[in-house]
Structures are given as structure tokens and as C-alpha cells.
Amino acid sequence: MALDMIAPDEALEMVLAHAPLLGAETVPLAEALGGVLAEAVAADIDLPPFDKSAMDGYAVRRDDVARLPAELAMIEELPAGAAPTRALAPGACAKIMTGAPVPPGADAVIPVEDTEPLPGGRVRILRAGGRPNICLRGEDTRRGATVLEPGHVVGPAEIGLLASVGRERVAVGRRPRVAVLATGDELVPPGAVPGPGEIRNSNSSILMAACRRAGVLADDLGVARDNKADLRARIGEGLRRDVLLVSGGISMGDWDLVPEVFDELGVAVRFSKVKMKPGKPTLFGTRGERLIFGLPGNPVSTLVAFRVLVWPALRKMMGHPEPAPPPIEAVLTDKTSVRGDRMSFVPASLRHQGDRWQARTVETRGSADLVGFSRANALLALEPGNYTPGTRVKALPLEL
Ligand code: AMP
Ligand code: MG
């Protein structure tokens, strides 16, 4: 497998070129979260559906409160869900709660704190003249109008909007089914206390969580030991999914058997080294329409390779209009240098300050240091060189 080392942007281009669009599926609303809409959604009713009070108070005729204080006769009480039975005649008002339909004739709601109850069902209006406090029928959208376009990512607000326009199901891009496999004889589960030479398996948790955040559900295939039989069985199982993520076992060590097993199982390797730091030993292959990633064993390297190469692929497959959004332009606030000849993805803390993004590098002890890395919320893509404060840099946000 004498493939050349390729630059990260070429690697990404190759991955995206092989990532298939998975088509659409119609799912219940709760399952649409994180998905990409595959249809335009129209309102089936006006929103709001009726003129509705935005306050707890009294529905009045503006003419009646032109001179203050004014005394009005309360003709009925309208809690949310009630329908008015009468129109307001001059001198009348209705007690009304937030969300209740405004009675015909009323053109303002006076908040209760600007009123005073009087004996005999009368009310004194002390202040008026502010906003009408009425949400008008159809002011958010008209029946038949498009409220969501295809390509829109479904979040909690979109789920609420879909519910408001009467949708219980919606078409979204099918999410790829992902399998996550860790490899290594040294790995023990998070619940175990590591013995001599053992370490806890953090990559499975990282990759499962990263998939989940990307809006994709992954199956955890556990840990394969560093022998061909176990690798063959578990990788074979993983190859039944749309995407297989294997961590570890792909560098130059004697027990790094993953590439051999990929080869035996018919995976066509497209690249096996990327000119990036961390993440050099990152492998990408395909079998038919399926994508296979061999990610570096070190947890930080695995996470960086996921962000740079896997995340955009998952997004493309589920129909995202912008699978690999352009990096954020930020101003560096500290000084740093990148040695060697590889593009570095440097953990950084990115924040919006005034009208610009600022990035400060976060110190880490290398590609196994999750302690340092957990303080970062972005990666700075830096070519080798020396960087001084004020330099413009490109940042890839991690918290997406
Ligand atoms: P490898 O690529 O298998 O040689 O692994 C490189 C480094 O990453 C070694 O120090 C491994 O112990 C570590 N490593 C591999 N897999 C995991 C994992 N699932 N969780 C945490 N560390 C790992
Ligand atoms: Mg290993």
C-alpha cells in the first residue's frame, strides 16, 4: 500500500467525492432532530390562528382609553382557550389572559398592572397608549406560505414550527448508519481500573459522542483485540453500515493489523497518510458506497481527524447543503510556532470579541492529552511557521 501522503484539503476533497447522498426518508418529528429537511414545508393554517392577547389584562377599545383615568364595565372573562361570546360596545372591556382570543371590537389589551379593579365589575384604566399587545392572526405566517425550505437543519425551534403547522412526520435526508470500533490489547472499559500497561478506552466514547453531535446515530462495536481473527470479525460486522470508524491499529507498529484486514475484506484504500498534525496516520477507503476510516489511536488525533474528514462526510451523506463550512477568520492573540512540514491543527479557544473573532492557543501535551484539549473549542489550521499576536488565522469550530 504505497500511497503518497496527501494534504488535508485534498484528503477532504477525496472523501467528499466518495461520500454518497443517501436520499430522503420520512420520520416522526422526534427523530428529525439534527436532520436536514428534504422537503419544503408550508403552513396549513394562519399563525397565529386568531387575534390573540399578548398580556394578562383587559381588552379595550382604544377610543375608550384616549382620556385617563377611564372607567369601563367588564362584560366577560376570557382565559386561554375560551371563545369570546360578545363584541365590545363602547365603554365595555373584557378581562383577558395571555393567549386568549381578543373579542371583536377590541383593539388593545391594557396590562393588568396598569389597571385597578373597582366594585360592581368595573375597572379603572390608569395608563394606556403603549403597544396594542395583540398578536394579529397570520402575522407570523399565512396559510399556504412556505415556512421551511429544503436544506434547513432541524433543531428544537424547527420541530416546534413543524408541530405548529400540523406535521407529525417530515422528510429529512437519511442519516448514515455508523459503526464505531476501537482496537488494542491494552484497552479496558471506562468502568475498570487500568492494570499495568493498560489504558481506558476513550476513543469509543469520543466517536459515539461526535456522531451524536453530528446528528447521526452510531453503533458501538466494542474493542477488537490486536489479532486478525478478532479484527476480521468486527470489521466485517462494521462493513455492513454506511460508515465504519476504526480507531488505532493503523500506524507502523507490529500489531497494527487494521490495514491488512481492510485489504483482505475488499476495502479499496484511497489514502493512508495525511500531511497533518496530529492525524498523520489516517486512512480512508471505500467498499462500494460504504466509507471506511482508519483513525489514529491517540484520542486527540482521532477527534481532530473526525472533525477534519469524517464530520463533513457525514454531513454530505445526510444532505447538508454545506458539508464543510469555510473556516472562521480569527485574530490570534498569543504567539505560537508550528515546526516540521505538516499543516497543524492547533487546539484553541475561540471567542467573539467586539466585532471580530479572537483565537488563543490552548497548551496541550500532545495527541493523548484530553485534559488540555478539553479547554479548546476550535482548531487553528496553521501551516509551518512563526505566528505573532494580531496574525489572521483560520479556525475550525469544534462545538457544532
Ligand atoms: P495505535 O494507533 O493503535 O498504535 O495507538 C496509538 C496510541 O493510542 C497508543 O498509545 C494507544 O494506547 C492509544 N489508543 C489506541 N486506541 C485507544 C482508545 N480506544 N482509547 C484511548 N487510547 C487509545
Ligand atoms: Mg493499537
Side-chain angles (χ1 to χ4, degrees), residues 4-16 153 155 202-203 206-207 209-210 213-215 271 273-282 284 293 295-316 320-400:
D4 285 345
M5 179 141 81
I6 69 170
D9 53 349
E10 282 177 71
L12 176 59
E13 214 175 289
M14 195 179 290
V15 167
L16 289 177
V153 178
S202 53
N203 289 351
I206 288 173
L207 293 171
R213 185 175 264 180
F271 58 78
K273 280 190 183 57
V274 184
K275 213 169 173 189
M276 63 191 251
K277 188 177 157 188
K280 178 170 141 188
T282 296
F284 170 64
F293 292 88
L295 303 171
N298 272 313
V300 168
S301 313
T302 265
L303 195 44
V304 169
F306 181 94
R307 172 62 182 84
V308 173
L309 298 171
V310 181
W311 181 76
L314 300 179
R315 280 162 60 96
K316 177 175 173 195
H320 213 288
E322 197 173 48
I328 291 174
E329 296 268 346
V331 177
L332 190 67
T333 61
D334 59 340
K335 76 178 211 217
T336 191
S337 58
V338 172
R339 270 156 287 182
D341 63 349
R342 284 181 277 156
M343 158 91 91
S344 252
F345 290 96
V346 177
S349 155
L350 180 71
R351 61 178 198 146
H352 202 70
Q353 180 78 350
D355 59 352
R356 46 159 69 168
W357 289 95
Q358 292 189 341
R360 171 173 290 276
T361 62
V362 164
E363 209 183 314
T364 69
R365 310 258 149 230
S367 41
D369 180 12
L370 286 173
V371 179
F373 198 81
S374 64
R375 286 170 193 134
N377 64 356
L379 300 171
L380 303 184
L382 300 179
E383 297 287 0
N386 295 316
Y387 295 85
T388 50
T391 313
R392 297 179 80 78
V393 291
K394 290 184 174 8
L396 307 183
L398 288 165
E399 286 161 8
L400 294 154

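We count residues from 1, following the sequence as given. Keep in mind it's a predicted model, so treat the numbers as computed, not measured.
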Inset, instruction - Might you point out which heavy atoms bring L16 and P312 nearest each other, and give the distance in Å? - result: CD2-O, 3.6 Å
Inset, instruction - May I ask you to test the K275-D341 pair for a side-chain heavy-atom distance under 4.5 Å? - result: yes
Legend entry - E329 atom CD, over 12 foreign heavy atoms within 6.0 Å: yes
Legend entry - Residue list, salt bridge (charged side-chain N to carboxylate O under 4.0 Å, His left out) with E383, at least two apart or on another chain: none
Inset, instruction - Under the side chain to side chain contact (heavy atoms under 4.5 Å, CB included) rule, what do D9 and M343 come out as? Steps first, then yes or no, please. - result: CA-CA 10 Å; D9 53 349; M343 158 91 91; over 6 Å; no
Legend entry - Nearest-0.5 Å distance that lies between atom CE in M14 and atom CZ in F271: 7.0 Å
Legend entry - Atom pair CG/CZ of L309 and F293 - distance to nearest 0.5 Å: 6.5 Å
Inset, instruction - Using modelled atom types only, decide if a donor and an acceptor are shared between the side chain of S337 and the backbone of G385 within a distance under 3.5 Å. - result: no
Inset, instruction - Spell out, as yes or no, whether a donor-acceptor pair under 3.5 Å connects the side chain of R315 to the backbone of E322. - result: yes
Inset, instruction - Taking the side chain as every heavy atom from C-beta outward, state whether F373 and L398 have any atom pair closer than 4.5 Å. - result: yes
Inset, instruction - Of all the heavy-atom pairs spanning V274 and M5, show the shortest one and how long it is. - result: C-CG, 3.8 Å
Legend entry - Heavy-atom donor-acceptor pair, D369 side chain to V371 backbone, under 3.5 Å: yes
Legend entry - Minimum heavy-atom distance between T364 and G372, given as atom pair plus value: CG2-C, 3.7 Å
Inset, instruction - Kindly say whether G297 contributes a backbone atom to a donor-acceptor pair with the side chain of N203 at under 3.5 angstrom? - result: yes
Legend entry - Distance in Å, L207 CG paired with F306 CZ, rounded so as to fall on 0.5 Å steps: 7.0 Å
Inset, instruction - Can you label the angle between the W357 ring and the H352 ring as parallel, tilted or perpendicular, going by 30° and 60°? - result: perpendicular
Legend entry - For V393, the option from I328, V331, L332 that meets side chain to side chain contact (heavy atoms under 4.5 Å, CB included): L332
Legend entry - Value rounded to 0.5 Å, distance of CZ in R339 from OG in S344: 10.0 Å
Inset, instruction - Would you name the heavy atoms of K335 and T388 that are closest together and state the gap between them? - result: CB-CA, 4.1 Å
Inset, instruction - Starting at OG1 of T361, measure out to CG of L350 and round the result to the nearest 0.5 Å. - result: 12.5 Å
Legend entry - Check against side chain to side chain contact (heavy atoms under 4.5 Å, CB included), T336 and L380: CA-CA 11 Å; T336 191; L380 303 184; 6.0 Å; no
Legend entry - T391 side, atom OG1; D334 side, atom CG - distance, nearest 0.5 Å: 9.5 Å
Inset, instruction - Would you mind reporting whether V308 and T282 have side-chain heavy atoms less than 4.5 Å apart? - result: no
Legend entry - Test item: Q353 and T333 side chains (from C-beta on) under 4.5 Å apart, heavy atoms: no
Legend entry - For the student: nearest non-hydrogen atoms of V300 and A368, plus distance: CG2-C, 4.3 Å
Legend entry - Considering all heavy atoms, the nearest L396-P327 contact: CD2-CB, 3.8 Å
Legend entry - Polar side-chain atom of R342 near backbone of P278 as donor-acceptor pair, under 3.5 Å: no
